[in-house]
> 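Got a structure for you, questions after.
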2 protein chains.
Amino acid sequence: MEKETTIYDIARLLNLSPATVSRALNDHPAINSNTKQLISNKALEMGYRSNTFASNLRRQQTKTIGVIVPRLDSSFMSTVLSGMEKVANEANYNLIISQSLESSRKEMANAKTMFNSRVDGLLVSLAADTDNLEHFSTFFRKGIPMILFDRVMPQKNCTNIVIDNLKAGYEATAHLLGQGCRRIMHVTGSVKRNVYADRLKGYKMALLEHGLPVEDELIRLTDFTRQDGLDVADEIARMPSPPDGLFVASDLCAASCMGGLRKNGFSIPKDIAVVGFNDDPIAQLVEPNLTTIHYPGQEMGEIAAQSLINHLNGLLRISTTNTILLNYELIVRESSRRV
Amino acid sequence: MEKETTIYDIARLLNLSPATVSRALNDHPAINSNTKQLISNKALEMGYRSNTFASNLRRQQTKTIGVIVPRLDSSFMSTVLSGMEKVANEANYNLIISQSLESSRKEMANAKTMFNSRVDGLLVSLAADTDNLEHFSTFFRKGIPMILFDRVMPQKNCTNIVIDNLKAGYEATAHLLGQGCRRIMHVTGSVKRNVYADRLKGYKMALLEHGLPVEDELIRLTDFTRQDGLDVADEIARMPSPPDGLFVASDLCAASCMGGLRKNGFSIPKDIAVVGFNDDPIAQLVEPNLTTIHYPGQEMGEIAAQSLINHLNGLLRISTTNTILLNYELIVRESSRRV
DNA sequence: TTTTTGACTTCAACCGATTGCATAGAAATG
DNA sequence: CATTTCTATGCAATCGGTTGAAGTCAAAAA
């Protein structure tokens, strides 16, 4: 196990001071360019690598961004993370990623860990049952910037990155109405979360606008598990007047529900037209292909990370831009095409 | 923005030396338990948090594990990462995650970044076109432990964590044979990768054992994209004597291929029985449900991380255990059930 | 020739925690 | 009472890079 080269080693060999070496390596303007060349050559030759810890200790920054997400093992989230990783990597930041597993308590623990590892900033998508941001107050007090994405909550000095879920919910529902559906069921998640609450609002708005009643019986709160999808299908099969349209705020659940419906003898989209949400790969793999809202995961990740980094570099004050809205797209496939 | 409390602050307030405070906070046996109590109370009261950088600088360790995976946005990989995150988190390690996007070149760049951020150890699943471990030699030279998982390559002093892909490939094929299939096609990925090469071997072995010929025409090398699946389906449809069994080494691709086959008028499993690999959520969402090999992702992640951490703590020398084999399970569902 | 200026470099004090070695004081032993 | 043995704590160096202030030296200006 060889020992590390330090700027002291380089300095000694070149008869210079460590200070000069440090400045040269950081491309400080006060250093002669010949000296810089000399030093960086030597550094390369000796396999020098900067000690981040010494540097961070002195500079009082960590070059680390904390990410807290509900789950890692979802197609959407891994796309988002993929985008964040790309941007962070390019900007020389590290990502510390942790999952709350949809539990507010775990989210608090994660926040604490992040705080202790002194992240420069935070990117968070909230757990299902989080109903306040109290556990992030330590960050606010210390002036550590935080950006919420997807599962957000209004908060002073804290940018939200989202799509217009209300409008998307509205469009999804309106599309079903446009296909001739007149009795549309909506399967949603925890309405504590903006994403589901807004989609629900959009759903209601579309109904009202078309002069249709909003029936509680047609709104189901679930956890979007596979089983939930099957249960909903069974329920539908038992209903005296089953819906002719189904808007599920998650592709995975929509897919399992379609399976259940088919087992119960429903034909899709003839008997019941289905729309999902997210445009997970699954949407194009199930039969019939699932109509859904395309959600720009990669882009959301990139923008979240980039905004935070810009803020950290003083290029953009987060507090001024308070909400970034990304575009979504309704993608119509066979599961809802009737005309 | 308040300033941080340090052990010096605590020491001053309690009329003790920083050394004592440091030892107390680390539960050093030489410190009187009353003193410890006193100090930890004060630390809590003052909102003290240890400065990892100072500590790491002094201790010469980073408490960081580097993870390089082909892609983040796959269901299997996010399950693996989820397991790693859990274990690392509990052991107070941080994860730096990066993706090679299946490119050997990007993998090299990632390795370099990891090296520069001085990870204590490395968890790697190789890119599709990586054919040697030269780019990790810097780690080997420095004695930084590395564990390969899933996409592995034999290497001295480097534990591999895998399932027995050969046996799994054999079983998948044997299962199809058991269902009466006599002409089985195999769709695989880059045979540079052990996982695909071994499954292919298992496939061949099963055929030979049942006295069936191995026909090149029935072996397809793909990238497992959705389009690849559709292409294979079209090809099958054009074949004069199409296969009656299909073993695809990826669920996603198997699913899209099933869709393509159905469009081409094939009935599954009657005309052609299908087996996938991985037990992605998709397997239970497509119609008919996909027979597949259940791959213990979460467990693989946990074991990989735990082994590395054990090694780092000196609890277990990696070099002694060279391969860890995890159990897989053939899960029979409708896509292949004929009897 | 003397002074000023500017371009580089160096000095030395940090950043905060850790740890081998020394030591004070108390308790035990002779 | 003197000496040894512990226990608990302190001293001071160390990890490696950064940075404000001070110094050097040669060229330019007075």
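Lettering of chains follows the sequences in order, A, B, ..., and the numbering in each one begins at 1.
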> Within this structure, what is the CZ-to-P distance between R23(A) and dT10(C), rounded to whole angstrom?
10 Å
> Between dG16(C) atom P and N51(A) atom CG, what is the distance in whole Å?
16 Å
> Ignoring backbone atoms, establish whether Y8(A) has a side-chain N or O less than 4.0 Å from OP1 or OP2 of dT14(D).
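Looking at the OP1 and OP2 atoms of dT14(D), neither is under 4.0 Å from any side-chain N or O of Y8(A).
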> Please report, rounded to the nearest Å, how far the C1' atom of dT18(D) is from the NE2 atom of H28(A).
10 Å
> Looking at dC14(C), I'd like to know if its phosphate oxygens (OP1 or OP2) sit under 4.0 Å from a side-chain N or O belonging to Q60(A).
no
> Please classify the nucleic acid contact of N26(A) as base, sugar-phosphate, or nothing, using heavy-atom distances under 4.0 Å.
sugar-phosphate
> Do we see a donor-acceptor contact under 3.5 Å between the side chains of T323(B) and N160(B)?
no
> Between dT14(D) and R58(B), counting only base atoms on the nucleotide and side-chain atoms on the residue, is there a donor-acceptor pair under 3.5 Å?
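Side chain to base: pair found, below 3.5 Å.
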> The side chain of T20(B) lies closest to which of these nucleotides: dT9(D), dT19(C), dT9(C)?
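Of the options given, the side chain of T20(B) lies nearest dT9(D).
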> Return the 5'-most residue of the pair A19(A), V21(B) with respect to DNA chain D, ranking by each residue's nearest nucleotide.
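Counting from the 5' end, the first nearest nucleotide belongs to V21(B).
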> How are the rings of F139(A) and F115(A) set relative to one another: parallel (under 30°), tilted (30 to 60°) or perpendicular (over 60°)?
perpendicular
> Touch check for F53(B), heavy atoms < 4.0 angstrom, all strands: base, sugar-phosphate only, or nothing?
nothing
> Please pick, from dC11(D), dC8(C), dT18(D), the nucleotide with the shortest atom-to-atom distance to any side-chain atom of S55(A).
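The listed nucleotide nearest to S55(A)'s side chain is dT18(D).
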> Measure the distance from CG on L16(A) to P on dT9(C) and round it to the nearest whole Å.
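Distance check: L16(A) CG to dT9(C) P gives 7 Å.
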> Specify the separation, in whole Å, of atom CG of L57(B) and atom C1' of dG17(D).
9 Å
> R12(B) has an atom CZ; how far is it from atom P of dT9(D), in whole Å?
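It works out to 19 Å between those atoms.
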> Which one, dG17(D), dC11(D), dC11(C), comes nearest to the side chain of S17(A)?
dC11(C)
> Does a side-chain N or O from T6(B) land closer than 4.0 Å to OP1 or OP2 of dG16(C), or not?
no
> Between P on dT9(D) and CD1 on I31(B), what's the gap in Å once rounded to a whole number?
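Nearest whole value for this atom pair: 6 Å.
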> OP1 or OP2 of dT19(C) versus the side-chain N and O atoms of S22(B): is any pair under 4.0 Å?
no
> Could you give the NZ-to-C1' distance, from K36(B) to dT9(D), as a whole number of Å?
13 Å
> Need one value for D9(A): base, sugar-phosphate or nothing, where a base atom within 4.0 Å counts as base even if backbone is also close, heavy atoms only.
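No contact.
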> So L44(A) and Y48(A), do their side chains get closer than 4.5 Å, heavy atoms only?
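No, every pair of side-chain atoms sits at 4.5 Å or beyond.
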> If we ignore hydrogens and angles and just use 3.5 Å, is the side chain of T20(B) paired with the main-chain N or O of L16(B) as donor and acceptor?
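No; judged by distance alone, with no hydrogens or angles, the pair does not exist.
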> Using distance alone, with no hydrogens and no angle criterion, decide if T79(A) and Q298(A) have a side-chain donor and acceptor under 3.5 Å apart.
no
